[in-house]
Amino acid sequence: MQVTVHCLHCHHRQTLDLEALRDKYGEDAPAMATDLAPRMRCRACKKRAVGFSYTPDPTKHSGMGVSNAYTKAKDGR
Ligand SMILES: [Zn+2]
């Protein structure tokens, strides 16, 4: 899973370093990426309006249960 952050103002794009986040916050880091959204700032223009897009990365199987948790939450309505 890859998380790309794009700025709504200057269209600067950056990829979140999930491995660094994981080192910092533990296995919940990918889920936390969305929590971080309101706090994220564009590195280029320093504005806060950033969008997130998640890209599943089929070449990496990290074994983290993020999508499982998500599916479960969806099904458990
Ligand atoms: Zn920007």
Could you pull out every donor-acceptor pair under 3.5 Å between side chains of residues 11-18 and any protein atom, sequence neighbours left out?
residue : atom : partner : partner atom : Å
H12     : NE2  : Q14     : OE1          : 3.4
D17     : OD1  : E19     : N            : 3.2
D17     : OD1  : A20     : N            : 3.2

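Residues meeting the side-chain contact (heavy atoms from CB on, under 4.5 Å) test with H9, sequence neighbours left out: C7, C45, K47, A49.
Here the closest non-hydrogen pair linking F52 and M40 is CZ-CG, 3.7 Å.
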